[in-house]
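Here is the structure we will look at, set down as structure tokens.
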2 protein chains.
Amino acid sequence: MTADPAARRGIPDATVARLPEYLRALTDLAERGITSVSSEELATAAGVRSAKLRKDLSHLGSYGVRGVGYEVDLLAYEISRELGLTQDWPVAIVGLGNLGHALANYSGFVTRGFRVVALLDHDPDIVGQHIAGVAVRPMDDLERVAEVDGIAIGVIATPAASAQGVCDRLVAAGVRSILNFAPCVLSVPHGVDVRKVDLSMELQILAFHEQRKALAARRTPLREVVR
Amino acid sequence: MTADPAARRGIPDATVARLPEYLRALTDLAERGITSVSSEELATAAGVRSAKLRKDLSHLGSYGVRGVGYEVDLLAYEISRELGLTQDWPVAIVGLGNLGHALANYSGFVTRGFRVVALLDHDPDIVGQHIAGVAVRPMDDLERVAEVDGIAIGVIATPAASAQGVCDRLVAAGVRSILNFAPCVLSVPHGVDVRKVDLSMELQILAFHEQRKALAARRTPLREVVR
DNA sequence: TAGATTGTTAATCGATTAACAATC
DNA sequence: TAGATTGTTAATCGATTAACAATC
């Protein structure tokens with residue numbers, strides 16, 4: 001259909017979601033001085049099956065050597081490039097309560113192409129504070145900051161009630177990628193990506209499985225139950 | 001195959017992962033005084049299509065009324081029960097750096113059946129501090145705490161290097177559900193559930209899509225690019 | 001009854017897996 | 001060459017979607 005092969009090259013969402021995990025495993029290996037790795041070894045380090053890993057990597061290109069494996073540095077670089085981590089992405093965090101505060105200090109944000117360049121909060125008591133070396137600015141500055149600093153990714157760490165309003169302003173200011181920590185659904189126009197992290201949702205999913213284990217143990221007490 | 005229908009009733013993982021979102025939407029509706037909702041309305045509030053919502057709910061039972069919709073309170077209760085939130089789950093948080101600190105104070109953890117009953121840290125400077133009304137205890141207390149308080153869910157918010165060790169001790173102490181915030185893969189025996197939340201992974205997935213949007217805009221400059 | 005909306009079916013779509021030919 | 005491991009194929013599995021009969 002499309003002539004341009006790069007335009008066609010659609011990497012499946014499930015694969016994209018695993019690339020950061022592969023990259024993390026490769027970084028670990030590199031730090032341990034390991035220069036070459038098989039799909040079997042890398043898959044184990046990333047917590048997947050080797051067939052899935054090879055299938056995933058095949059979407060990026062052919063960076064392995066049959067009979068040998070993958071060169072750690074090369075593969076790490078190719079995944080980084082595919083994920084867009086060879087560029088620099090300016091990030092703004094909106095809402096600096098406990099969670100926003102922790103995010104601003106989170107080392108995983110600073111590394112790998114992300115730069116937290118702006119912190120914004122509504123509360124006059126928080127505005128002016130320095131967190132992780134960055135001054136917290138008032139919400140009024142949002143549009144100016146987005147333009148001047150060229151914010152690519154907005155992190156929303158406000159209460160749910162304010163999240164949609166903040167999101168609307170970020171989008172109006174040209175931000176097309178949103179990471180939402182507020183426990184609510186955000187509606188955005190086409191072309192804007194939202195990813196949601198809801199800490200209590202994860203706990204609830206665990207509770208579901210925990211409950212099933214408790215029920216199963218009660219139903220079939222074949223082994224002794226851990227006290 | 002199995003005689004017991006409850007044992008057979010396998011709710012798909014994808015459905016379980018959405019139940020907390022439905023529950024959140026229902027709680028919002030209830031707070032706004034809305035007592036009845038159609039699948040179309042609830043689906044919009046939860047950010048999914050109505051067909052998917054109805055399919056998901058059909059796995060729990062038949063709690064709607066044809067031609068009318070769902071009673072908000074009833075459905076919220078049934079989902080809560082299915083998720084195991086009508087019980088009380090004692091939670092321990094290990095590692096009280098910035099993130100662990102934020103988690104201990106996170107209101108989403110306190111509500112809905114979860115009780116943060118224990119905080120543990122390795123650092124003598126942190127041990128003894130009170131966070132969200134709970135005293136931080138030394139790591140040596142882990143096994144005692146797990147038994148005495150009956151910890152059901154362990155939250156790991158330590159650096160990656162310590163995470164597997166902490167996980168092993170939690171599992172040995174009888175904890176079968178782990179929420180891992182450390183950026184590493186944990187290996188656990190069969191019967192133990194691990195869910196992982198990696199904040200930087202989410203950013204990386206956003207960066208991938210952001211990069212594609214930038215490339216697409218460059219390739220086909222049909223509309224003006226937001227400056 | 002007429003209108004509305006659920007619960008379910010059947011078709012489609014996408015992801016996973018095992019197996020193996022290709023090839024280092 | 002012999003041994004090892006990739007990249008790909010084809011089969012399976014599970015999730016999504018649209019459509020509609022059931023039914024309030």
Side-chain angles (χ1 to χ4, degrees), chain A residues 1 5 8-22 25-26 29 34-76 78-79 82 185 205 208-209, chain B residues 1 5 8-22 25-26 29 34-76 78-79 82 185 205 208-209:
Chain A
M1 205 54 112
R8 233 188 342 83
R9 183 188 55 178
I11 300 184
D13 284 347
T15 295
V16 173
R18 284 186 293 265
L19 292 181
E21 191 67 58
Y22 300 155
L26 286 164
L29 292 171
I34 295 165
T35 58
S36 177
V37 70
S38 70
S39 63
E40 198 65 54
E41 293 163 333
L42 183 56
T44 301
V48 301
R49 302 293 197 83
S50 66
K52 189 188 271 187
L53 173 74
R54 288 198 301 276
K55 181 97 209 192
D56 282 342
L57 294 183
S58 75
H59 289 110
L60 308 195
S62 183
Y63 299 119
V65 179
R66 287 169 205 240
V68 177
Y70 301 90
E71 196 194 321
V72 171
D73 285 345
L74 173 68
L75 188 55
E78 293 298 342
I79 293 176
E82 193 67 44
V185 171
I205 295 167
F208 171 83
H209 293 290
Chain B
M1 207 58 108
R8 236 190 339 84
R9 185 190 54 178
I11 300 183
D13 284 347
T15 294
V16 172
R18 285 187 292 266
L19 292 180
E21 190 68 57
Y22 300 155
L26 286 164
L29 291 169
I34 294 165
T35 58
S36 178
V37 70
S38 69
S39 63
E40 198 66 54
E41 292 162 332
L42 182 56
T44 301
V48 301
R49 302 293 197 83
S50 66
K52 189 187 274 188
L53 173 74
R54 288 198 302 277
K55 182 96 213 205
D56 282 343
L57 295 182
S58 75
H59 289 109
L60 308 195
S62 182
Y63 300 119
V65 179
R66 287 167 205 243
V68 177
Y70 300 89
E71 196 195 320
V72 172
D73 285 344
L74 172 67
L75 188 55
E78 293 298 344
I79 293 177
E82 192 66 43
V185 171
I205 296 168
F208 171 83
H209 293 291

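Quantities reported herein were computed from a predicted structural model and do not represent experimental measurements. Naming: A, B, ... by sequence-line order, numbering from 1 per chain. Hydrogens, waters and symmetry mates play no part in the numbers below; they use all other heavy atoms, side chains included.
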Side chain to side chain donor-acceptor pair (under 3.5 Å) involving Glu71(A) - partner list, sequence neighbours excluded: none
For Thr15(A), all residues meeting side chain to side chain donor-acceptor pair (under 3.5 Å), sequence neighbours excluded: Asp56(A)
Residues in salt bridge (Lys or Arg N to Asp or Glu O under 4.0 Å) contact with Glu21(A), at least two apart in sequence or another chain: Arg24(A), Lys196(B)
Interatomic distance, Leu53(A) atom CG to Tyr22(A) atom OH [nearest 0.5 angstrom]: 5.0 Å
Non-neighbouring partners of Thr44(A) that pass side chain to side chain donor-acceptor pair (under 3.5 Å), sequence neighbours left out: none
Members of residues 45-56 of chain A that approach DNA chain D, where some heavy atom sits under 4.0 Å away: Arg54(A), Lys55(A)
Most 5' of Ser38(B) and Arg18(A) on DNA chain C, judged by nearest nucleotide: Ser38(B)
Contacts of type side-chain contact (heavy atoms from CB on, under 4.5 Å), residue Ser58(B), not counting sequence neighbours: none
Residue pair Tyr70(B) / Arg54(B), side-chain heavy-atom distance below 4.5 Å: yes
side-chain contact (heavy atoms from CB on, under 4.5 Å) partners of Ala45(A), counting only residues at least two apart: Ala25(A)
Bounds of contact between DNA chain C and chain A, in 5' to 3' order, using a heavy-atom cut-off under 4.0 Å: dA15(C) to dC24(C)
Inter-residue atom distance Leu26(B).CG - Ile79(B).CD1, 0.5 Å rounding: 5.0 Å
Residue list, side-chain contact (heavy atoms from CB on, under 4.5 Å) with Val68(A), at least two apart or on another chain: Ser36(A), Val65(A)
Of Val65(A) and Gly61(B), the one whose closest DNA chain C nucleotide lies more 5': Gly61(B)
Stems where DNA chain D pairs, listed by first number, each of three or more Watson-Crick or G-U pairs under 3.5 Å: C:3-24 with D:3-24
